[in-house]
Amino acid sequence: MSAPNIETIVSLAKRRGFVFPSSEIYGGLGSAWDYGPFGVELCNNVKQAWWRWMVYERDDMEGVDSSIILNRLAWKYSGHEDTFSDPLVDCRDCNSRFRADKLDYLPTEEERELPAPEAIAKAIRERRIKCPNCGSKDLTEPRPFNLMFRTHVGAAAEDDPSSLVYLRPETAQGIFINFANVLTTSRRKLPFGVAQIGKSFRNEVTPGNFIFRTREFEQMEMEYFVRPGEDEKIHQDWIDNCFNWFTGLGISANNLRLYEQPKEELAHYAKRTVDIQYRFFPEREEQDRQWDELMGIANRTDFDLRTHSKKPEDAEGKRLNPDSTEDLSYFDEATKERFYPYVIEPAAGVNRTVLSVLMDAYSEKTNDKGETRVILKLHPTLSPIKAAILPLAKNKPEIVGMAKAIKRSLQPLLRAVYDDTGGIGKLYARQDEIGTPFCVTVDHQSLEDEAVTVRDRDTWEQERVKVSELPEHLSTRLKG
RNA sequence: GCGGGAGUAGCUCAGUGGUAGAGCAUCGCCUUGCCAAGGCGAGGGUCGCGAGUUCAAAUCUCGUCUCCCGCUCCA
């Protein structure tokens, strides 16, 4: 089974220390969340699993970590300054919301003279624009939403326009603008990829659904550079590859699906985009609304490398990018051709992956007395705690001492905890609820035979293992 | 921003004018103790905030703040 809804996960996450509402003691901050003791472990494990799969287990991959604040020009030429700023209007009658620049209306002569945003605002005031949904003419004036967070570099520079910078809305641009650096220092040849994990920021108009959509979030992005013409096949390969990564993490294929973005919805840089969606909203009645994006796999063509390059010119021979000092083209020694590589981009959200993993791992088990307990059947690679060392009787100093010693001997190898604050049943249950795959129990017998009981989270089966063989026993099973 | 919903213990929630509660969770002690066992005990809330009405407000009135859901966007 998996979680019936996100609310169930919100409660569990708060109760057990995965995720807390941010700034809670000051009344909270809209849809910002903090990761607690187990949450940070889970996030780190997700990122580590991604990096291993994406970088270490391949032959064609490098990594970078670019800064969050870039030269503003990066966002000018990436297209984000233009496209990440949408004027929005609301219909007061049916409460629908639209992008003002997409509303259909006939401008008057006078309005033709005005900049588009002002013309639209004027037409709305004069009630000449109809709501595309209900036909009402009662629309609010357009309000601009700049999806990029702005700030300023330098002290006391608030009023100096040249100090304006943005917090990055995606990590990808940090890879593109370093393309030449990575290419020359790594001596790579096409095709190859550059991976990056890091925070991104979008001033979302409507964040929400727990950690699904937050204004500050963490991305795992990889830009895979290919020869034009090879892009379509390699794109498809990555789609399959990424889907398998999620199922490999234990997410049920039933809760995953591929979604082909319609042409008219594609981002300004994309030729084709396929999303991997997860069933984040199983409680919704309409099938189609149960799904939302977990990972996007885009064919960005040569848009990014070309737009950041100094060489491309328009029809009149004028440089399209007079600010760039570098040409990001690639020279193929074999064919003696110079060109701008195409880019295939698998981009996933750490937080969304964490949410999907939590939802998918959630299960309940009811005992004879009708009491229900929660078991998080996380993939062992992702579990915040790998092993809990528990004394069967805590009033026997020898048993306690042995359990603590075992915990200490394991901790260089894996994340282990010791717990004696309850009966054994309660201790097991507590570990089940945070997804600890193995509990190691020390009992009276252990004092004589140097062996302990290893109890499996999913099967509840117990196995007697020599203490000397415990590290090997656990590490083979943790690889899952 | 518009519309809707909600703020009482860590979690889930009861309490509609008269001394703030329950279950679970947490902590401690006791019990040779393998699936939330039992016993005893403890901690924890100025009922989102402010004002008003009243002898008396978690409860009624007004204001305000915050959060959640939807609309937009996308990882």
Side-chain angles (χ1 to χ4, degrees), chain A residues 6-8 10-17 20-21 23-24 26-32 83-84 86-100 102 133 138-143 145 147 169-172 199-200 202-215 217-221 261 265 267 273 275-276 281 289 292-298 345-353 355 365 367-369 371-375 390-396 399 421-433 439 441-445 453 455 457 460 462:
Chain A
I6 289 184
E7 282 312 304
T8 307
V10 176
S11 292
L12 174 66
K14 173 91 189 278
R15 183 157 40 91
R16 290 274 87 136
F20 310 122
S23 312
E24 198 177 13
Y26 287 114
L29 173 66
S31 94
T83 60
F84 258 53
D86 300 334
L88 300 181
V89 299
D90 295 305
C91 171
R92 291 197 176 93
D93 284 326
C94 69
N95 298 318
S96 314
R97 170 176 283 173
F98 309 96
R99 280 175 55 171
K102 288 198 171 172
N133 185 41
D138 193 5
L139 303 177
T140 62
E141 289 212 17
R143 284 160 296 107
F145 279 94
L147 276 303
E170 63 172 21
T171 60
K199 290 272 178 98
S200 289
R202 293 180 193 172
N203 211 348
E204 300 284 353
V205 184
T206 308
N209 288 317
F210 191 40
I211 55 174
F212 178 78
R213 180 176 292 114
T214 50
R215 295 190 169 101
F217 61 106
E218 193 156 29
Q219 293 185 300
M220 302 181 286
E221 293 196 297
Q261 285 192 9
E265 285 179 19
T273 299
D275 294 337
I276 295 175
F281 310 100
R289 294 188 58 243
D292 215 327
E293 183 180 352
L294 178 58
M295 186 173 203
I297 304 143
E345 176 197 78
V350 173
N351 321 275
R352 284 184 185 183
T353 303
L355 179 57
K365 181 164 183 164
N367 69 9
D368 302 341
K369 288 184 257 175
E371 296 163 333
T372 297
R373 66 200 281 169
V374 172
I375 304 177
L390 314 170
L392 190 62
K394 73 166 172 177
N395 57 349
K396 286 283 176 292
I399 292 179
T421 58
I424 192 67
K426 184 185 240 180
L427 297 180
Y428 283 152
R430 209 180 258 163
Q431 295 300 327
D432 285 346
E433 204 170 23
C439 289
T441 304
V442 180
D443 55 26
H444 301 87
Q445 185 76 33
T453 304
R455 175 264 197 188
R457 175 194 69 199
W460 286 21
Q462 302 186 352

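Proteins get letters first, then strands, A, B, ... in listed order; numbering begins at 1 in each.
- Both A:W460 and A:L294 lie close to RNA chain B; mapped to their nearest nucleotides by heavy-atom distance, the more 5′-ward contact belongs to A:W460.
- The nucleotide B:rC47 finds no pairing partner, because no Watson-Crick or G-U wobble arrangement with both distances shorter than 3.5 Å includes it.
- The side chain of A:S11 places an N or O atom within less than 4.0 Å of a non-bridging phosphate oxygen (OP1 or OP2) of B:rU12.
- Summarising the base pairing, B:rU16 is matched to no nucleotide, lacking a Watson-Crick or G-U wobble pair whose two defining distances lie under 3.5 Å.
- In this structure, B:rC74 makes no Watson-Crick or G-U wobble pair, since no nucleotide meets both defining distances under 3.5 angstrom.
- Comparing B:rA36, B:rG70, B:rC34 against the side chain of A:R289 picks out B:rG70 as the nearest.
- Residues meeting the ring-ring contact (aromatic ring centres under 6.0 Å, His included) test with A:F210, sequence neighbours left out: A:W33.
- Here the side chain of A:T441 is nearest to one of B:rC34, B:rG70, B:rU72, namely B:rC34.
- Across all strands shown, B:rC11 forms a Watson-Crick or G-U wobble pair, both distances under 3.5 Å, with B:rG23.
- Between the side chains of A:N351 and A:E218, no donor N or O sits under 3.5 Å from an acceptor N or O.
- On the C1' atoms, B:rA36 is 38 Å away from B:rA75, given to the nearest whole Å.
- Annotation: B:rU8 and B:rC68 have their P atoms spaced 14 Å apart (nearest Å).
- Taking the C1' atom of each, B:rA14 and B:rA58 are spaced 12 Å apart, rounded to whole Å.
- B:rU72 atom P lies 16 Å from atom CZ of A:R215, rounded to whole Å.
- Phosphate contact (OP1/OP2 of B:rG10, side-chain N/O of A:K14, threshold under 4.0 Å): absent.
- Using atom C1' as the reference point in both B:rU46 and B:rU19, the two lie 15 Å apart (nearest Å).
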Across nucleotides 24-33 of chain B, 5' to 3', mark each nucleotide with B, S or - according to how protein heavy atoms within less than 4.0 Å reach it.
-SSSS---SB
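- The side chain of A:N203 contributes no N or O atom lying less than 4.0 Å from OP1 or OP2 of B:rC73.
- Taking atom C1' in both B:rA56 and B:rG17, one finds a spacing of 8 Å when rounded to whole Å.
- A distance of about 12 Å separates the P atoms of B:rA57 and B:rG52, rounded to the whole Å.
- Separating the P atom of B:rG21 from that of B:rU16 is a span of 15 Å, rounded to the nearest Å.
- For B:rC69, one of the phosphate oxygens OP1 or OP2 lies less than 4.0 angstrom from a side-chain nitrogen or oxygen of A:N209.
- B:rC60 and B:rU53: their C1' atoms are spaced 8 Å apart (whole Å).
- Scored by the side-chain contact (heavy atoms from CB on, under 4.5 Å) test, A:F281 finds A:I6, A:N209, A:E283, A:R284, A:D292 as partners (sequence neighbours excluded).
- In this structure, A:D292 places its CG atom 8 Å from C1' of B:rC74, rounding to the nearest Å.
- Stacking annotation: A:Y428 is not stacked on the base of B:rC34 (requires ring centroids less than 5.5 angstrom apart and an interplanar angle below 30 degrees).
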